[in-house]
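So you know, we letter chains A, B, ... as the sequences are listed, proteins then strands, and number each from 1. Hydrogens, waters and symmetry mates are skipped; everything else that's a heavy atom, side chains included, is used.
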Protein chains: 2
Amino acid sequence: MAVKIKNTPCQLCLSRKFSMFAGLSEQHLCSLSDSKNFISHKKGQILFYENTKPLGIFCINEGVVKVFKTASNGKEQIIRLAKKGDFLGYTSLIGEDVYSTTATIVEDAQICFVPKETFLNVLAEDMNFHTRITQALCKDLGIMESKLTDATQKSIRERLALTLLKLGDSYGVDGGEKQKIDITLTREEIAGLVGTATETVIRLLSEFKKDSLIDLQGKKIIILDKKGLARLSDFYG
Amino acid sequence: MAVKIKNTPCQLCLSRKFSMFAGLSEQHLCSLSDSKNFISHKKGQILFYENTKPLGIFCINEGVVKVFKTASNGKEQIIRLAKKGDFLGYTSLIGEDVYSTTATIVEDAQICFVPKETFLNVLAEDMNFHTRITQALCKDLGIMESKLTDATQKSIRERLALTLLKLGDSYGVDGGEKQKIDITLTREEIAGLVGTATETVIRLLSEFKKDSLIDLQGKKIIILDKKGLARLSDFYG
DNA sequence: TCAAAAACATGACAACAATCATCATTCTCA
DNA sequence: TGAGAATGATGATTGTTGTCATGTTTTTGA
């Protein structure tokens, strides 16, 4: 269950320093510290549900959260995986809308909840912060445009290869050609990232392994041939 | 060819009043008027290319513009159709990035170009405008999340039905059950919107016609059975 | 206005990927 | 720790959709 354990002041928070909250004034940091709520979450717990009203934003201090939409066929399309330093739920809050997605914990997480009023106040008062948010939104839109294009124009094999490379970028240990993707995702979740059926992911991963593009170490995936995957992800056939 | 014909002051511009530039101060409107460039564009002309640097933003006064990405297979994925009152290119400008898309004229257009400096200056000085931009970005992100989910989880038939309904919302005349989509798009462009092959669109449109869901009047599509299309777009089968 | 180009239409075919079914393996917690 | 659940794996089958080919209709511009 979700447990509130401590309340480190935001001033001392390490993950904040790599987040969009870096550069806030002392006054705003105090305001955040006073109103925030630090909560530990276990894998599988739900942060918020699609179509409910946002009451604040979530700042990830540690852990991984999947943000997804549930399609009319019941399958989950994962929009993104959020990790340390990422914010969740602010688009719905700013857009004055209900959550467009559901967010659940993928790897045990420590997350701060910042109430709506505090966040919107900082947004209104700190012009630089507002600009950082706006820029992040613009970048995210560009990413979504690419994702949409990939989704409609690439084959599943290409998209899976691309997904593995992106996971390598975000969660890879060892920078070189060989790279361990250090995050535990089920085949179903990978399917949700790619936008395909679980069986298809399983089959393609077996194929990639047979072709020495990847290796499977328990639940984790090792990228063996980054260039090979890149080649596979870029072209048709 | 693109022709500069006149330079109506922004203060008097009707399409501005329904755009995000509504509510600007007299001073900022003057600044816009002084620096903008009003240009007529013919169908097929290109406003900007993917991967080039933005020098300003485009405000559509009249006409329709398609904004698309070119996939690695050469096909165009249309991200959105922009019309009167819409802005183009500001996400790349604000995000300090190259254009993520190409924009070309679909229906003869009259478009104002506002140079980077002017736009960024208004953005920096008018807090309310900045907020409107940020809110629009948040809404757009929500739309893209839905599009991505539809792209991966719905069949082409469903997506085409959905696309027709959306086109009806944006370009439909006659509000009722029967609705003429008053925009000229080629089958290839509809395919680009849906994210499929041109032949598939042609086949499905024939099928929809046979099923009395739509009618084809020259190049234009008449929606005959909105409920039928909605049913088709929501569920699997 | 007429020839060339573009757009539309349809058929045949192949391939990709979803679904269903079955079974093995791993994980979880009572 | 052991039973049940969840996850992973694989085969068989089917349907959808993309591709290629061909022909018709419409549009465009010299």
What is the distance, to the nearest angstrom, from the [atom1] atom on [X] to the [atom2] atom on [N]?
| X | N | atom1 | atom2 | result |
| --- | --- | --- | --- | --- |
| B:L160 | D:dT17 | CG | P | 11 Å |
| A:L232 | C:dC16 | CG | P | 12 Å |
| B:E189 | D:dT27 | CD | P | 15 Å |
| A:R159 | C:dA18 | CZ | C1' | 13 Å |
| B:I190 | C:dA9 | CD1 | C1' | 14 Å |
| B:K220 | C:dA7 | NZ | P | 17 Å |

For nucleotides 3-5 of chain D, tabulate all protein N/O to nucleotide N/O atom pairs closer than 3.5 Å, reporting atom names and distance.
none

- Message: Please tell me if A:K154 has a side-chain N or O lying less than 4.0 Å from either OP1 or OP2 of C:dA17.
- Response: no
- Output yes when at least one side-chain N/O atom of B:T200 is less than 4.0 Å from OP1 or OP2 of D:dG18, else no.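 The answer is yes; a side-chain N or O of B:T200 sits under 4.0 Å from OP1 or OP2.
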- Hey, does B:K75 reach any base, or is it just sugar-phosphate, or nothing, if we go heavy atoms under 4.0 Å? sugar-phosphate
- Note on the structure: Walking DNA chain D from its 5' end, the first of B:K43 and B:G195 to be reached, judged by nearest nucleotide, is B:G195
To the closest 0.5 Å, what do you measure between [atom1] ([X]) and [atom2] ([Y])?
| X | Y | atom1 | atom2 | result |
| --- | --- | --- | --- | --- |
| A:K83 | A:S15 | NZ | OG | 12.5 Å |
| A:R80 | B:E145 | CZ | CD | 8.5 Å |
| A:N73 | B:K154 | CG | NZ | 8.5 Å |
| A:D211 | A:L224 | CG | CG | 11.5 Å |

Flag side-chain contact, heavy atom, 4.5 Å: [X] against [Y]:
| X | Y | result |
| --- | --- | --- |
| A:F58 | A:V65 | no |
| B:I221 | B:I190 | yes |
| B:D182 | B:K220 | yes |

- Query: Out of B:L213, B:L193, B:L205, B:V194, which one pairs with B:L164 under the side chain to side chain contact (heavy atoms under 4.5 Å, CB included) rule?
  - Reply: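 Passing option: B:L205.
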- Excluding sequence neighbours, so at least two apart, what forms ring-ring contact (aromatic ring centres under 6.0 Å, His included) with A:Y99?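 Counting only residues at least two positions away or on another chain, A:Y99 forms a ring-ring contact (aromatic ring centres under 6.0 Å, His included) with A:F48.
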Which atom pairs link the protein and nucleotides 6-13 of chain D when you take only N or O atoms and keep those under 3.5 Å?
residue : atom : partner : partner atom : Å
D:dT7   : O3'  : A:K219  : NZ           : 3.0
D:dG8   : OP1  : A:K219  : NZ           : 3.1
D:dG8   : OP2  : A:R187  : N            : 2.8
D:dA9   : OP2  : A:R187  : NE           : 3.0
D:dA9   : OP2  : A:R187  : NH2          : 3.3
D:dT10  : OP2  : A:S206  : OG           : 3.2
D:dG11  : N7   : A:R203  : NH1          : 3.0
D:dG11  : O6   : A:R203  : NH2          : 3.2

